[in-house]
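Since the model is a prediction, treat every value here as computed from it, not as a measurement. Below, chain A is the first sequence line, B the second, and so on; all start at residue 1.
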Amino acid sequence: MDIIMNDMQDFVTPVSGNVMKNEPIVIKRRIAGQLSHLDALESESVHILREVAAECANPALLFSGGKDSIVLLRLAEKAFRPGRFPFPLLHIDTGHNFPEVIEFRDHRAKQLGERLIVRSMEDSIRQGRVVLRSKNQSRNAFQSVTLLDAIAELHFDACIGGARRDEEKARAKERIFSFRDEFGQWDPKNQRPELWDIYNTRVHTGENIRVFPISNWTELDVWEYIAREQLEVPHIYFAHKRDVIRRDNGLLPVSHLVQPKGSEQPENLMVRFRTVGDMSCTCPIESQAVSVEEIIAETAITHITERGATRMDDQTSDASMELRKKEGYF
Amino acid sequence: MAEIEKISFDHTELLRFITAGSVDDGKSTLIGRLLYDSKSIFEDQLSAITRTSHKRGMKNVDLSLLTDGLQAEREQGITIDVAYRYFATPKRKFIIADTPGHEQYTRNMVTGASTANLAIILIDARKGVLTQSRRHAYLASLMGIPHLVVAINKMDLVDYSCEVLERIRQDFASFADKLGMNNIAYIPMSALNGDMVVERGDKLPWYKGVTLMDLLENIPIDHDINLEDFRFPVQLVCRPQTEELHDFRGYMGRIESGYISVGDAITVLPSGLTSRIKEIVTYDGFLSHAVAPQSVTLTIEDHLDISRGDMLAKTGDVPRIVKEFEAMLCWLSEQALDLERKYLIKHSTRIVRTQVRQINYRVDVNTLNHESADTLKMNDIGRVRFNVQQPLMCDDYQRNHATGSFIVIDEASNNTVAAGMICSIND
């Protein structure tokens, strides 16, 4: 046994006529026994995506143009090429997205040749299904309404999302296949046990499953994978000059949604975004990192959690995410 | 094309472990200490728990608050469910399955243990080996966790006494011997003060072994997975049917154990038909070999009828094909096992209808005694004989976790109601 495994260490396989890309490539990979942590995480995620495809009748993959869902798309390529994705991409457009991210979303969907469905919160507002207190308030929490409407309209029985357990404590207890009742609600006290990697995907009509293939990835894993796979990400993830104001211990980007109030003075700073959500409440951090490698270096020594740094709506109460999730937030 | 080999950070291994023990054993404090001393705590988390500690009138920061989960749990001061925590050192990335120690612990520990390479069993140095320590050891052995660490915590409260450690070690070992468990590491520590967790501290000069972190970073885990028996449950069949890939027929799945090379003779189960591996296809190109747990797409030399639920194995080393088998079953649902009812079993990529034929015995997890039983209730463990409508391709759980494990699903509620470990015919 040992001899065989040693023999398999660091082998090189020259290949011509790649099925997927029609170009000769050379693959070198250490595959003796234990794979690297990224290989192990990737393989786990691919296995999960294939289980969804095999067992769910009508799944969709939630693609926002953010880094986590960008990683999901690469994992879907790894899972299903040379075939097509067995599901469409779905985006819930809050109307508060960064224009660069929307542009990237369309560009990436087109590049992959996969179907993108967009459902917009503006429609939910027009129909009176979402009632906002003020026009420019954060729309993060209301995404759930539009998402649940889209699930009902298009009869999705599974939605694949890019949430990670390291993001937030309510997520730390989330299953990989997370059951939602007919109201889209998550009941943390009554989750299905999830053992080994045998996933229970069964639901009754009207209920659905949220699937989180990158549950076990951390923010750092995501960036390392983006580097390894040389994935393109929207430019606002890299440090750039931007007008920002200081509010409630954070920076907010000045836009048509956020204008200086009272004594607030816009400053032009080098910043980057760690998440790309609702423009009215997504805070950039000060940074000089202009490449993926520099972001990794910063992430490896960072001192503030991703959500703590960048999402004002997660700071309103210690249980904000838990409450949103119970209401159907993904 | 990406040159995969040039990326230098992509070489750390992944270790999953579980911590077993109750709140009183200092489990949350230990996890908090591991995260804190390995610099995995973020400032905003630290300031949040500092505020809470002060609000509760504590002088020092209570590290156990770091693992506090949901609002409902904080109100009641208990942990409801398995929570997953992540941290990394330059050597390894770690996933902790943090399982609560109160009444539902069997269900939760079994869940957390199902994916673990290693279990840490916490023992309060003042109390020594308790009934619950024996329960935890039994569950770790039942679930086949490859590595076991006994953390003798709160050494500060027994004056860091060498004799206390020795007594606990002998107690625990005599019980573990009965379970056939050896190769157990015993580490004295004070999670509260940080001795022997990440840092050695200066209070245990007589202890010459490794710190917990040393052990977590260095224990070899290459062979935790079965690398001998090639098992490939087919998840999906890929038939793009495009012009250039008109005849492409790939079998997609994950190598659950063993390894495979191009040209190897394979047997398809349950049909028993044979062929050879033609290609190992991945998005990144063809491979000449692949090993568990890689996800790949395989093509074979012959046109055979293969679909999801079938399994490929190397000719000459195939799993058992059974329609009747015995398993250790851990019941997870509030609704007890009903011998009159049919259930579903999901085993690798197969879902089959099943009925329990008989319960051989129930295990008293405190004494390990076997007792007769006519049902299994939540948190019960018993040896059960199953009949299945379609054959399963399986190995004994202790030899191969991937092909020896299954879940039981209640068809009416769709809930996962039990977890099973297939036993060998002979024991």
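- In terms of heavy-atom pairs under 4.5 Å with chain A, the best-connected choice from R308(B), M143(B), Q241(B) is R308(B).
- To the nearest 0.5 Å, atoms NZ (K346(B)) and CH2 (W196(A)) are separated by 13.0 Å.
- Shortest non-hydrogen contact noted between G83(A) and C238(B) is N-SG, 3.8 Å.
- With a 4.5 Å cut-off on non-hydrogen atoms, R16(B) touches chain A through its side chain but not through its backbone.
- Across A172(A) and R85(B), no two heavy atoms sit closer than the pair CB-NH1, 4.3 Å.
- With sequence neighbours excluded, the residues that form a side-chain hydrogen bond (donor to acceptor under 3.5 Å, both in side chains) with T403(B) are D395(B), N400(B).
- Between I198(A) and F406(B), the closest heavy-atom pair is CD1-CA, 3.7 Å.
- Among I409(B), L332(B), T115(B), the residue with the largest count of heavy-atom pairs under 4.5 Å with chain A is I409(B).
- Between chain A and the residues G250(B), A113(B), G253(B), the largest count of heavy-atom pairs under 4.5 Å involves G253(B).
- Of the atoms belonging to V296(B), it is backbone heavy atoms, and not side-chain ones, that fall under 4.5 Å from chain A.
- The contact between S413(B) and chain A is made entirely by backbone atoms, counting heavy-atom distances below 4.5 Å.
- Listed options A79(A), S215(A), P193(A), S45(A) were ranked by heavy-atom pairs under 4.5 angstrom with chain B; first place goes to P193(A).
- Atom NZ of K78(A) sits about 7.0 Å away from atom OG1 of T282(B), to the nearest 0.5 Å.
- Here the closest heavy-atom approach between residue V110(B) and residue L195(A) is recorded as CG1-CD2, 3.5 Å.
- A donor atom on one side chain and an acceptor atom on the other are not found under 3.5 Å apart for S295(B) and H47(A).
- Taken from CZ in F87(B) to OG1 in T218(A), the straight-line distance is 12.5 Å, to the nearest 0.5 Å.
- Only the side chain of K93(B) comes within less than 4.5 Å of a heavy atom in chain A; its backbone stays farther off.
- Both the backbone and the side chain of I407(B) come within less than 4.5 Å of a heavy atom of chain A.
- The candidate from E194(A), H204(A), E207(A), R175(A) with the greatest count of non-hydrogen atom pairs under 4.5 Å with chain B is H204(A).
- The backbone N or O of R192(A) sits nowhere less than 3.5 Å from a side-chain atom of T416(B) that would complete a donor-acceptor pair.
- Only the side chain of I351(B) comes within contact range of chain A, with heavy atoms under 4.5 Å apart.
- Distance check: R202(A) CZ to N415(B) CG gives 12.0 Å after rounding to the nearest 0.5 Å.
- Checked by atom type and distance alone, the side chain of D39(A) never pairs as donor or acceptor with a backbone atom of Q294(B) at under 3.5 Å.
- Using a 4.5 Å cut-off between heavy atoms, F80(A) contacts chain B through both its backbone and its side chain.
- In this structure, R81(A) CZ and Y283(B) OH are separated by 7.5 Å, a value rounded to the nearest 0.5 Å.
- Once rounded to the nearest 0.5 Å, the distance linking NE2 of H37(A) with CD1 of I95(B) reads 10.0 Å.
- In terms of heavy-atom pairs under 4.5 Å with chain A, the best-connected choice from A419(B), S348(B), S333(B), A402(B) is A419(B).
- In this structure, the portion of A412(B) lying under 4.5 Å from any heavy atom of chain A is its backbone and not its side chain.
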